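For clarity, every value in this text was computed on a predicted model and none was experimentally measured. Start at 1 and go down the list; that is how both ligands and their atoms are numbered.
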Amino acid sequence: MSDNGDSDTSSTSVDNNLTVQIARALASFLSKSAIFACGGAVPIQDRKDDETSAAPVTIRWDSSRSIKKLTLPLSLDRNADRDARLAALVRDTQPAGFGLKGKDVVDESYRKASKLDPTGFSTNFCPYEAGIVDAIAQALLPTRTAKYHGVRAELYKLNVYRAPSGLFKAHVDTPRSTLQFGSLVVCLPCAHEGGQLVVRHDGHSRTFDWTGSSDSVQWAAFFSDCEHEVLEVTSGYRLTLTYNLYACTGLGQLGGNCTALESQQLPLYEEVKNALANPQFMPDGGTLGQYCRHAYAHTTKAGADTLPQVLKGSDMVAHEVFSALGVDIRIRPVLDHITNQDDGCGPLDKKFHKRDHVGMGLGDPVAVDSYEQDSIEDVYAEYPHSWEAVTWLNGPRHNTSSVEFAYLRYGNEASIEFGYSYCALLFNVLSYAKRVEVAKAEGYTLE
Ligand SMILES: O=C(O)CCC(=O)C(=O)O
Ligand SMILES: [Fe+2]
């Protein structure tokens, strides 16, 4: 191809125009509707030996006088009467309605389907185990709920759409709480034709077509405000599990916030309790400190706002245990010792040994102006902190130091110096007599 032929130039400019137009359309899509739905497939493996597959799906349900069981895909159900069992499952479902003006209405011209409520059946299929809930949490969780990183999927119904003419016309699901942000539909491995799920948002649509396949579990999740419909099923049975999706506190934000975790069951609990119960342990009270083992963004306002929720590992455990024992905890920056060669007195910590510079609060670094004749003490005077004698449980981890304050030193040559800090948990241990009182108030005894 020539670089300067006329015909090439004109085709390049047409291409460029098209490139610009398509890039604009993509940009507009990305800014408005980049993600309103997502989906995938999880292959079924009879002998499940990896995290990317799911075991055959078992459904047990209440039938008139017994509990019945079916395995999907049917080819993996070892019972000879498996087709009859599938028919029995369908027979035992009830007509499925839809919400209209606050009432549950059954109207087959709008929704032709049947359902089991979650109290009437159980299944071994778990969308968490299949990695679906994590995928939704990362891809779909809306930014307006930035407060929440987790997703709770609540099983809502087992639905059967069958040929001929099973369908659910265009509708929007009714959110069941302000934290509900979407719905998850899991299509069980049962052969059928038709029944595509069409999800629409802002002039765009995405069709999930699960026709034909019965060797994987297929799924789709979408935002609550998306209109969606199930097209007519033309053969077989289309079985789905539906889940309501709620935003919740999730991985990485459970410090001080985790109702599932009982502090009393943590191995550290008894150890701390025994220490507090010992009259010879800090008899007059004082500050016990633990430098955090993990790095947190404690020297930015946004990072500081996430503490203590983002504490993890032994940092989280210590925070949970001490607070369960009624001990006041401060999370504070502790300044790395600064050596000032100019003031002639060497490292400052020599002067104030056994004391630490504990910042008054977490947040953005403080900037201080100083002059060449100022001593390091003058610099510190501008930085809000206290001198504290802390009994440390560990030493700082050097990789966790972050800029706590910066000071501009003016003189013949202006220079900028940085004060670094470590994030620490400071436990305010009361005198023995007061600890005994607090223990009573918290409902435990110190012996
Ligand atoms: O089963 C499906 O594909 C979706 C059903 C649905 O839209 C609903 O239950 O609200
Ligand atoms: Fe729906």
Side-chain angles (χ1 to χ4, degrees), residues 36-42 57 59 61 72 86 89-90 93-121 123 125 127 130 132-133 136 140 153-177 180-201 204-214 216-246:
F36 59 88
C38 61
V42 184
V57 180
I59 309 280
W61 73 98
L72 294 169
L86 177 57
L89 169 65
V90 174
T93 56
Q94 302 96 42
F98 54 92
L100 186 68
K101 295 184 186 148
K103 286 200 180 136
D104 198 40
V105 178
V106 175
D107 173 353
E108 286 207 341
S109 68
Y110 200 76
R111 184 180 195 188
K112 190 172 168 208
S114 56
K115 53 101 190 183
L116 286 180
D117 291 323
T119 46
F121 76 96
T123 176
F125 181 78
I132 294 172
V133 177
I136 294 171
L140 202 63
E154 173 194 71
L155 181 59
Y156 184 55
K157 297 279 188 254
L158 182 150
N159 304 294
V160 180
Y161 294 81
R162 64 172 142 154
S165 64
L167 55 69
F168 195 171
K169 287 200 174 147
H171 67 284
V172 173
D173 291 344
T174 319
R176 279 161 182 82
S177 98
Q180 186 177 347
F181 69 89
S183 303
L184 164 65
V185 181
V186 168
C187 186
L188 299 179
C190 188
H192 64 273
E193 301 281 325
Q196 292 87 345
L197 174 69
V198 186
V199 182
R200 301 189 185 91
H201 176 77
H204 301 281
S205 83
R206 167 89 207 113
T207 299
F208 295 91
D209 188 353
W210 300 321
T211 290
S213 161
S214 60
S216 60
V217 169
Q218 314 217 51
W219 63 275
F222 46 87
F223 285 145
S224 299
D225 60 351
C226 291
E227 184 190 83
H228 54 284
E229 70 178 299
V230 179
L231 305 183
E232 257 185 65
V233 175
T234 51
S235 89
Y237 297 101
R238 178 185 182 279
L239 267 56
T240 56
L241 298 171
T242 45
Y243 298 80
N244 297 321
L245 298 172
Y246 300 93

Can you tell me which residue and heavy atom of the protein come closest to [atom], and the distance to 0.1 Å?
atom                   : result
atom 5 (C) of ligand 1 : Y161 OH, 3.3 Å
atom 1 (O) of ligand 1 : T240 OG1, 2.9 Å
atom 8 (C) of ligand 1 : F168 CE1, 3.7 Å

* To do: Give a yes or no answer on whether the side chain of Q94 reaches the backbone of A96 with a donor-acceptor pair at less than 3.5 Å.
  =>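 Checked: no pair found.
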
* Heavy-atom closest pair, residues A170 and E229 ->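 Result for this residue pair: N-CB, 3.4 Å.
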
* **Closest non-hydrogen atom pair between L167 and S109, with its separation** =>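 Shortest heavy-atom contact: CD1-O, 4.1 Å.
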
* To do: From the options R238, K169, R111, H228, select the one whose nearest heavy atom is closest to atom 2 (C) of ligand 1.
  =>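 Checking each option, the heavy atom nearest atom 2 (C) of ligand 1 is found in R238.
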
* Asked: Given L158, V172, D173, which has its nearest heavy atom closest to atom 10 (O) of ligand 1?
  ->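 Among L158, V172, D173, the closest heavy atom to atom 10 (O) of ligand 1 belongs to D173.
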
* Measuring from the Fe ion (ligand 2), name the closest N, O or S atom belonging to D173. =>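 It is OD1 of D173.
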
* Do any N/O atoms on T242 end up under 3.5 angstrom from N/O atoms on ligand 1? ->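 In fact, backbone or side chain, T242 has no N or O that close.
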
* **Sub-3.5 Å N/O-N/O distance, W210 and ligand 1** =>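 There is no such contact.
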
* Looking at V230, which atoms of ligand 1 are within less than 4.0 Å of one of its heavy atoms? ->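 Listed by number with element: 2 (C), 3 (O), 4 (C).
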
* Asked: Which atoms of ligand 1 are found less than 4.0 Å from any heavy atom of V185?
  ->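 Near V185, meaning under 4.0 Å from one of its heavy atoms, ligand 1 has 1 (O), 2 (C), 3 (O), 4 (C).
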
* OG1 on T240 to CZ on F168, rounded to 0.5 Å ->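 Interatomic distance, F168 CZ to T240 OG1, rounded to 0.5 Å: 10.5 Å.
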
* To do: Flag the pair H228 / V185 as yes when at least one side-chain heavy-atom distance between them is below 4.5 Å, and no otherwise.
  =>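 They are not in contact (no side-chain heavy atoms under 4.5 Å apart), so the answer is no.
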
* To do: Decide yes or no on salt bridge (charged side-chain N to carboxylate O under 4.0 Å, His left out) for K112 and E232, but give the supporting numbers first.
  => CA-CA 9 Å; K112 190 172 168 208; E232 257 185 65; over 6 Å; no

* Asked: Out of V199, L231, V198, which one pairs with T207 under the side-chain contact (heavy atoms from CB on, under 4.5 Å) rule?
  ->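 Result for side-chain contact (heavy atoms from CB on, under 4.5 Å) with T207: V198.
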
* Are F223 and H201 close enough that their ring centres sit under 6.0 Å apart? ->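 Between H201 and F223, which both carry aromatic rings, the centre distance is not below 6.0 Å.
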
* Is the closest heavy-atom distance from H171 to ligand 1 below 4.0 Å? ->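 Per 4.0 Å heavy-atom rule, H171 contacts ligand 1.
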
* Would you give the angle at the Fe ion (ligand 2) between H228 atom NE2 and H171 atom NE2, to the nearest 10°? =>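 Here the angle at the metal atom is close to 90°, to 10°.
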
